[in-house]
Chemist: 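Here it is: the structure, laid out below.
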Amino acid sequence: MTPAQLSRTIRHTLPRVLSDDADAGSLCARVRVVVESPPRRGEGDYATGAAFQVAAACERPAREVAEALAARLVRDEDAVSVAEVVGGGFVNVTLTSAARIELVRILAGSRPVDSTSVDSTSALVDSTSASAPTGPPTGLLAPLTPEPTDDPCRDIPRWAAVTGEDPEALAVRTERSSSLFRVQYAHARICSLLRNGRRLGLRPEPESAVPLGAAGARLLALLADRARITAPGPLARHLDAVAGAFAAFHDAGEPLPRGEQKPGAAHRGRLALAEATGAVLAGGLSQLGVTAPVHL
């Protein structure tokens, strides 16, 4: 379940929550349901504050509307495992394992593994396209356009223009100093993980991506939130947050085995989430007209 799908689900659920109100349909039609990665106030894959808008329109307590919405989502939607009310009326939604697996697959642009499936890993690892389209993305993500190496002379001015950061600071190519370097390095690092995984006979496997753990759940929530963010400045900042979340995810459980450790399902699952992260980073960088380097 993507944020857009959950947004539609909530919009269809709200009139049932207000079934005792004759104007429920018209009230809910005016509500803009925003689904995003949850703030720090609670756990979950997604969060929405739609209950506040509905409560204001029908003059009810926001928490009352949120509790009714949460109960409906858990009862009626197979993809929702937990819906928790936090704060004054936010609803944090946690997906089922099956829904999380499907989300990883959607984000990575892959299909169920069978004898006829296209190897989506090769599109991320082996592409040498030099184009970088800057138009709006089609579907969930912009097209993938990984490139062999980056182009600082082009990339730094473009990144600085949308973020307002000092180009001289961005030219200091360290993770501490440059948000652009953090994002591009995360993408190149993922490409390296996928290449090395293939040498070990490890392929990304979304079915093994759960359980995610806290770092994986945070990363997946940010990846799913990407489709909502289209303005260049917020997009650049979001990509930086994704890069940071990926670093935390990697440190919590490395995607590749070390030393004498045998490759297992957990590694294939972590590679699947890494592949999804690479797809999101590549699409976002492409949309900003910045290179998504395979090597850095």
Side-chain angles (χ1 to χ4, degrees), residues 3 34 36-37 107-109 120-195 218-219 221-251 273-296:
V34 176
E36 56 191 339
S37 56
L107 289 166
S120 62
T121 304
S122 62
L124 182 60
V125 174
D126 296 330
S127 172
T128 57
S129 169
S131 62
T134 58
T138 57
L140 186 66
L141 301 170
L144 300 183
T145 57
E147 303 182 32
T149 58
D150 62 331
D151 184 353
C153 292
R154 185 186 76 176
D155 295 342
I156 289 175
R158 291 186 177 184
W159 189 269
V162 301
T163 62
E165 296 177 64
D166 182 0
E168 291 187 5
L170 293 173
V172 180
R173 293 162 62 80
T174 66
E175 290 184 89
R176 180 183 295 273
S177 302
S178 172
S179 60
L180 172 60
F181 182 82
R182 284 193 294 270
V183 175
Q184 291 182 316
Y185 175 72
H187 181 267
R189 188 182 194 185
I190 289 166
C191 290
S192 177
L193 286 170
L194 293 171
R195 283 195 303 271
R218 172 62 178 163
L219 175 59
L222 283 171
L223 297 179
D225 203 22
R226 154 68 184 96
R228 181 183 61 85
I229 302 169
T230 56
L235 174 56
R237 290 189 289 274
H238 184 76
L239 295 177
D240 191 16
V242 168
F246 176 75
F249 165 73
H250 182 281
D251 292 345
L273 191 51
E275 182 184 43
T277 304
V280 169
L281 291 175
L285 288 168
S286 175
Q287 187 176 339
L288 293 173
V290 175
T291 58
V294 172
H295 302 281
L296 195 60

Chemist: Rounded to the nearest 0.5 Å, what separation is found between the CD atom of Gln184 and the CG atom of Leu285?
Modeler: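 Gln184 atom CD to Leu285 atom CG measures 6.0 Å (nearest 0.5 Å).
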Chemist: Who passes side-chain hydrogen bond (donor to acceptor under 3.5 Å, both in side chains) against Arg182, sequence neighbours left out?
Modeler: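 Only Asp240 meet the side-chain hydrogen bond (donor to acceptor under 3.5 Å, both in side chains) criterion with Arg182.
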Chemist: State, with a plain yes or no, whether a side-chain heavy atom of Arg218 is found less than 4.5 Å away from one of Leu222.
Modeler: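 They are in side-chain contact.
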Chemist: For Arg237, which residues count as a side-chain contact (heavy atoms from CB on, under 4.5 Å) partner, sequence neighbours excluded?
Modeler: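 For Arg237 the side-chain contact (heavy atoms from CB on, under 4.5 Å) partners, ignoring immediate neighbours, are Pro234.
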Chemist: Heavy atoms only: give me the nearest Pro167-Ala160 pair and the separation to one decimal.
Modeler: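 That would be CG-CB, 3.9 Å.
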Chemist: For His295 and Cys191, indicate whether the former's side chain and the latter's backbone hold a donor-acceptor pair under 3.5 Å.
Modeler: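 Such a contact is absent between His295 side chain and Cys191 backbone.
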Chemist: Give me the atom names and distance for the closest heavy-atom approach of Ala279 to Ala108.
Modeler: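 Here Ala279 and Ala108 meet closest at CB-CA, 4.3 Å.
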Chemist: ring-ring contact (aromatic ring centres under 6.0 Å, His included): which pairs involve residues 159-182, sequence neighbours left out?
Modeler: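 Checked against ring-ring contact (aromatic ring centres under 6.0 Å, His included) - neighbours excluded - the pairs reaching residues 159-182 are Phe181-Tyr185.
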Chemist: List the residues meeting side-chain hydrogen bond (donor to acceptor under 3.5 Å, both in side chains) with Thr149, not counting sequence neighbours, and say none if there are none.
Modeler: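 Partners of Thr149 by the side-chain hydrogen bond (donor to acceptor under 3.5 Å, both in side chains) criterion come out as none, since no residue qualifies.
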Chemist: With rounding to the nearest 0.5 Å, note down the distance linking CG in Leu281 to CZ in Arg189.
Modeler: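 So the CG of Leu281 and the CZ of Arg189 are separated by 12.0 Å.
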Chemist: According to side-chain contact (heavy atoms from CB on, under 4.5 Å), who are the partners of Asp151, at least two apart in sequence or on a separate chain?
Modeler: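 Testing Asp151 for side-chain contact (heavy atoms from CB on, under 4.5 Å), a comparison that skips the adjacent residues, returns Cys153, Arg154, Asp155, Thr291.
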Chemist: Check whether any side-chain heavy atom of Leu235 lies under 4.5 Å from a side-chain heavy atom of Gln287, and answer yes or no.
Modeler: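 Yes; the side chains approach each other to less than 4.5 Å.
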Chemist: Indicate yes or no: at least one non-hydrogen side-chain atom of Leu107 is less than 4.5 angstrom from one of Arg226.
Modeler: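 Result no, sub-4.5 Å side-chain heavy-atom pair not found.
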Chemist: Taking side-chain hydrogen bond (donor to acceptor under 3.5 Å, both in side chains) as the test, write out the residues that go with Arg173, two or more places apart.
Modeler: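 Only Asp150 meet the side-chain hydrogen bond (donor to acceptor under 3.5 Å, both in side chains) criterion with Arg173.
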Chemist: Would you please name every residue forming a side-chain contact (heavy atoms from CB on, under 4.5 Å) with Ala188, sequence neighbours left out?
Modeler: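 Ala188 satisfies side-chain contact (heavy atoms from CB on, under 4.5 Å) with Leu296 only.
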Chemist: Rounded to the nearest 0.5 Å, what's the gap from NE2 on His238 to CG on Leu223? Could you check?
Modeler: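 Result: 7.0 Å between the selected atoms.
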Chemist: With the side chain counted from C-beta on, respond yes when Ser178 and Val172 share a heavy-atom pair under 4.5 Å apart, and no when they do not.
Modeler: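 No, their side chains stay 4.5 Å or more apart.
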Chemist: Do Leu180 and Glu165 pass the side chain to side chain contact (heavy atoms under 4.5 Å, CB included) test, and can you show the C-alpha distance, the side-chain angles, and the key distance before you say yes or no?
Modeler: CA-CA 10 Å; Leu180 172 60; Glu165 296 177 64; over 6 Å; no
Chemist: How long is the gap from CZ on Phe249 to OG1 on Thr277, to the nearest 0.5 Å?
Modeler: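 Atom-to-atom, Phe249:CZ and Thr277:OG1 are 7.0 Å apart.
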Chemist: Report yes if some heavy atom in the side chain of Leu194 is under 4.5 Å from a heavy atom in the side chain of Glu275; otherwise report no.
Modeler: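 Of all side-chain heavy-atom pairs linking Glu275 with Leu194, at least one is under 4.5 Å.
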Chemist: Considering residues at least two apart in sequence or located in another chain, which fulfil the side-chain hydrogen bond (donor to acceptor under 3.5 Å, both in side chains) criterion with Asp225?
Modeler: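 Partners of Asp225 under the side-chain hydrogen bond (donor to acceptor under 3.5 Å, both in side chains) test: Ser37, Arg228.
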